[in-house]
Amino acid sequence: MSHEGSTEGSTGGAASGPPNGLEAITKGLNPPQLEAVQTLDGPLLILAGAGSGKTRVLTHRIANLIATGRATPDQILAVTFTNKAAREMEKRTAALLSALRLPGASTGNTFGSGYSLRGRMWISTFHAIGARLLREHIELLDYKTSFGIYDSGEQLAMVKKVSAALGFDEKLHPAKNFASRINSVKTDGLMPDDVKKRRHLMDDQQLAVFERYEEEMKRANALDFGDLLIKTHQLFSDYPAVLDAYRSQFRYIMVDEYQDTNSVQYKIVRLLADGHKNLCVVGDEDQSIYSWRGADIQNILSFEKDFPETKVVKLEENYRSTQTIIGAATHVIRNNTQRKDKTLFTNNPTGEPIIVREESNEYDEARFVVNEISKLFRETDVSPEEIAVFYRTNAQSRVLEEQFRSRAIAYRLVGGMKFYDRMEVKDILGYLKLILNPSDDVSFKRIINVPARGIGKTTVERIEEISNSSRISMIEATTMAIESREFNSGTTSKLRNFLNLLLSLRDEARQVSLPDLSIAVVDKTEYAKRLMTESTPEAEARLQNLEELQNAISKFAEERGEEGHLQSFLEEMALVSDADDTGGEAEKCVTMMTLHISKGLEYPVVFIVGCEEGLFPSGRATDSNDPTEIEEERRLCYVGMTRAEKRLFMTYARTRKVWGSDQMNPPSRFLKELPKEGVVQQSAMGSRPRFLEKWGDAGSEYGPQGGSGHPLMKSGGSPFPDYENAVDSFDDTASSGPAFKKGLRVRHPSYGTGSVLQVEGTGADLKVTVVFADNTVKKFVAKYARLEKA
DNA sequence: CGTACCGACCTTTTT
DNA sequence: GGTCGGTACG
């Protein structure tokens, strides 16, 4: 932030550097940053701690590559993890180059005042790059250039179709399981033939579905997310001429967030970089949080082995956060074993203490967050867009939203339920997809009777059967069925009308612009008309969403000009997922998002809510007790904490409604891993002296902070209830936090209701013995058992 | 064939 | 508490 911004108008060239006032490129960089920016040839590994100016180094390095004449913008390939990061990097590089007034800087597409790299430099995600390359060359792999991209929902629909066609019962063999199995092998780059050689990866049924799935995807001329990478790799490995062309084009390659690359991405990078080895990867093993989707932390841990000549630069100075925050985050991540040796430090001021806050339930927790935010508005000059709230799961946003709304504080959600996840939007997109790609059976099934046109389930099933048995698309199957008089005259005429509708829309697509086409779809399908006759609030909202979609399409077409056609729009819809730049909404809003999405961002004030065992770390991680899963959760905690610049709040609730019933979870182990220094423990439930003993001497140097009117625990007090000893001090009538106590009536999701027989152990080891109605006696580890008060 | 209601299952995290 | 699939009825 403070170290940002490029300096203009410097004169004279550095001796080692290129001409034309290059101090702007090197100015204000610390020694390791400088080294990274000036190491241009050969393999380079940048271990960039959180907030160490990574993006700055990358953009300056790109500028340096261009300024030294090593490469023109289109000879640089920069891969980022999200589209947002790509845009950010592009913007900042362009600004820097424009400030340098480099020769050639004005030859690009220049919009307004800036130097634009759009269309010249390759900065985007692996998936987007794959899509772009495949658009160009996929005919080599026997697909059509108009291929569609299936998101996870469409992929699941396809798996369902296949699974049903093979006669699997959805109850016994949920398509979801097949889909996740398929995705898991595909992120490792494996296709059915590979799995045949590694039969431990799938059982016969899974393999059968996988094979048929691939066959059907091919016929539908559709690619899933995994395909975008796998086919790109296949293109390169099977067609050396293509590989050679791109090898010579991309003379310099950079990969950001390298710790989150999966094995296919790794192979693609290797193929491209193998000739010149001008490969720079940047990452931080402590921020690897995507192993569940195939990211392999080994890629970064063994980079030096893969490229023996590698130069390693460590960026360890953090410019973002206070010493307190860095100290605490470091203290937490130190508990991980899968790390490189890297120590984050900062020269920033000590700053305010971290507040750890106990609340009785998730509503109080949300109220606390909102109260603190109002207080910040009142007492400091913090503005809404400087505040972020992070949570582990999207479901947690609801309660927070309620509180924000009730206190009239503007907020925005990043990620989660996306605009184009809405039914009506997906319906219209379904039409658009089908127009472009008539073999897209998933879209066909989606819209054949939307809006309702009297084509029922039986008819659709019959069409699907024909499609399956003749291995033809459902559109073709429909035509065939009509010709062979499959259906009665009523159904036949409805089907004819539907096919004619599609034909006329395809006609339209050839003649009119993208925005006009989408208007035509809404129009000719009578989609909007039906909604208008409904005149319910829901229908009203849907109409508004359609309008919003129309606006998005118009905006897209306007921005992209020639490139703004149907295909590029659909591609963008499939690949851009962060619902981030929705107009000016970001202004004056508090931001809420999952911890995962927060990676790469920074905010002066950060709240991390729901710090409880079973939620964060997630239940999956705590249940499995797999140390690698816990370590990944811990990295997630580290990521979240290091987003904060000045203030950090971490909260937990004693009870929380999960799936409609109350659960009691102990505070997150990560809270226990915080240092004593610089952390203030607060509880909204009054002081409970017994808790204080456990935390020991401690004593923070900070005095108690005002806790929005709540009684405040003295710093040094343990927030971690020792349930057994705490029973007495809990006031069950005042707080909703029940403790296990002999005789307490409890309910278990599978065993029903019973009463507590015995309580032993403390904290995370607390065990509860319960006798149930049918006299069975069970002993639970309280932490894992989903016991609730009956 | 369409709609309205009931119950199962659900929760990680995302390109 | 919310979604999706299944079922019963109009």
Side-chain angles (χ1 to χ4, degrees), chain A residues 79-86 124-131 149-153 155-157 160 164 170-171 174-176 180 183 186-187 223-229 257 260-262 264-265 288-295 362 390-399 402 414-418 421 423 449-461 487-488 490-491 494 534 571-579 593-599 610 614-624 629 632-633 635-637 639-640 656-663 749 786:
Chain A
V79 188
T80 57
F81 193 66
T82 62
N83 296 290
K84 200 160 143 197
S124 58
T125 65
F126 272 110
H127 291 85
I129 288 165
I149 299 170
Y150 276 5
D151 65 23
S152 26
Q155 181 193 34
L156 182 61
K160 270 187 185 154
E170 177 68 25
K171 287 252 168 57
K176 244 182 107 185
S180 80
N183 279 332
K186 286 185 88 166
T187 52
L223 303 189
D224 60 30
F225 286 134
D227 287 329
L228 292 173
L229 305 175
E257 306 284 9
D260 282 327
T261 49
N262 67 28
V264 191
Q265 292 166 331
S288 167
I289 54 175
Y290 285 100
S291 71
W292 49 273
R293 76 173 210 218
E362 73 272 29
F390 302 152
Y391 33 79
R392 181 64 180 80
T393 65
N394 279 307
Q396 289 168 258
S397 72
R398 227 195 77 252
V399 177
E402 267 172 39
V414 179
M417 173 73 168
K418 286 154 243 150
D421 273 347
M423 184 174 65
N449 198 30
V450 174
R453 49 175 73 89
I455 303 174
K457 213 174 100 186
T458 343
T459 310
V460 176
E461 267 168 12
F487 302 110
N488 64 39
T491 306
K494 285 171 193 161
E534 262 187 63
E571 189 167 308
E572 171 121 337
M573 291 304 257
L575 296 177
V576 176
S577 70
D578 297 348
M593 66 184 88
T594 62
L595 285 153
H596 280 88
I597 305 190
S598 79
K599 191 174 69 168
L615 181 60
F616 184 37
S618 79
R620 179 171 298 215
T622 55
D623 288 350
S624 74
E629 286 203 40
E632 179 144 318
E633 296 283 318
R635 290 193 289 268
L636 196 53
C637 184
V639 166
R656 178 178 299 273
K657 263 212 197 329
V658 182
W659 306 330
S661 64
D662 281 315
Q663 288 200 7
R786 289 189 296 238

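Predicted model only: the values in this text are computed from it and were never measured. Just so we're on the same page: letters track the sequence lines, and every chain starts at 1.
Rounded to whole angstrom, the span from the CD atom of A/E257 across to the C1' atom of B/dT13 amounts to 15 Å. With rounding to whole Å, A/Q396 atom CD is found 16 Å from C/dG2 atom P. If you measure from atom CD of A/E633 to atom P of B/dT11, you get 16 Å, rounded to the nearest angstrom. Atom CD of A/E170 is separated from atom P of C/dC4 by 13 Å (rounded to the nearest Å). Atom CZ in A/F81 sits about 10 Å away from atom P in B/dT14, given to the nearest Å. Between the CZ atom of A/R293 and the P atom of B/dT13 there is a distance of 13 Å, given to the nearest Å. B/dT11 atom C1' lies 13 Å from atom CG of A/D623, rounded to whole Å. B/dT14 atom C1' lies 13 Å from atom CG of A/N262, rounded to whole Å.
A/W292 has its side chain within reach of A/E632: a pair of non-hydrogen atoms, C-beta onward, lies under 4.5 Å apart.
Counting non-hydrogen atoms under 4.0 angstrom, A/K176 reaches the backbone sugars and phosphates but no base. Across all strands shown, A/Y290 has heavy atoms under 4.0 Å from sugar-phosphate atoms exclusively, and none from any base. Within the nucleic acid shown, A/N449 comes within 4.0 Å of sugar-phosphate atoms alone, with no base atom in reach, counting heavy atoms only. At the heavy-atom level, A/I455 lies under 4.0 Å from the strands shown only through sugar-phosphate atoms.
Two residues, A/R398 and A/K457, neighbour DNA chain C, and the one matched to the more 5' nucleotide by heavy-atom proximity is A/R398. Along DNA chain B, the nucleotide closest to A/T459 and the one closest to A/I289 are compared, and the more 5′ of them pairs with A/T459.
Dashed line: the shortest gap from a side-chain N or O of A/T458 to OP1 or OP2 of B/dC1 is under 4.0 Å. The phosphate of B/dT13 (OP1 or OP2) has a side-chain N or O of A/N394 nearer than 4.0 angstrom. The phosphate of B/dT11 (OP1 or OP2) has no side-chain N or O of A/S618 nearer than 4.0 angstrom.
Side-chain contact, A/Q155 with A/N183: a donor N or O sits under 3.5 Å from an acceptor N or O.
For A/K171, whose side chain is taken as the heavy atoms from C-beta onward, the closest listed nucleotide among C/dG1, C/dG6, B/dT14 is C/dG6. Side-chain atoms of A/K160 lie closest to C/dG5 of the nucleotides C/dG5, B/dT11, B/dT13.
Taking the six-membered ring where the residue is Trp, A/F81 and A/Y290 present tilted rings, their angle falling between 30° and 60°.
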Please evaluate residues A/V79 and A/T125 with respect to the criterion side chain to side chain contact (heavy atoms under 4.5 Å, CB included), reporting the C-alpha separation (whole Å), side-chain torsions for both, the decisive distance (0.1 Å), and the verdict.
CA-CA 5 Å; A/V79 188; A/T125 65; 5.7 Å; no

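A salt bridge is defined here as a Lys NZ or Arg NE, NH1 or NH2 lying under 4.0 Å from an Asp or Glu carboxylate O, and A/D224 with A/K186 meets this definition.
In this structure, the aromatic ring of A/W292 is positioned over the six-membered ring of the base of B/dT13, centres within 5.5 Å and planes within 30°.
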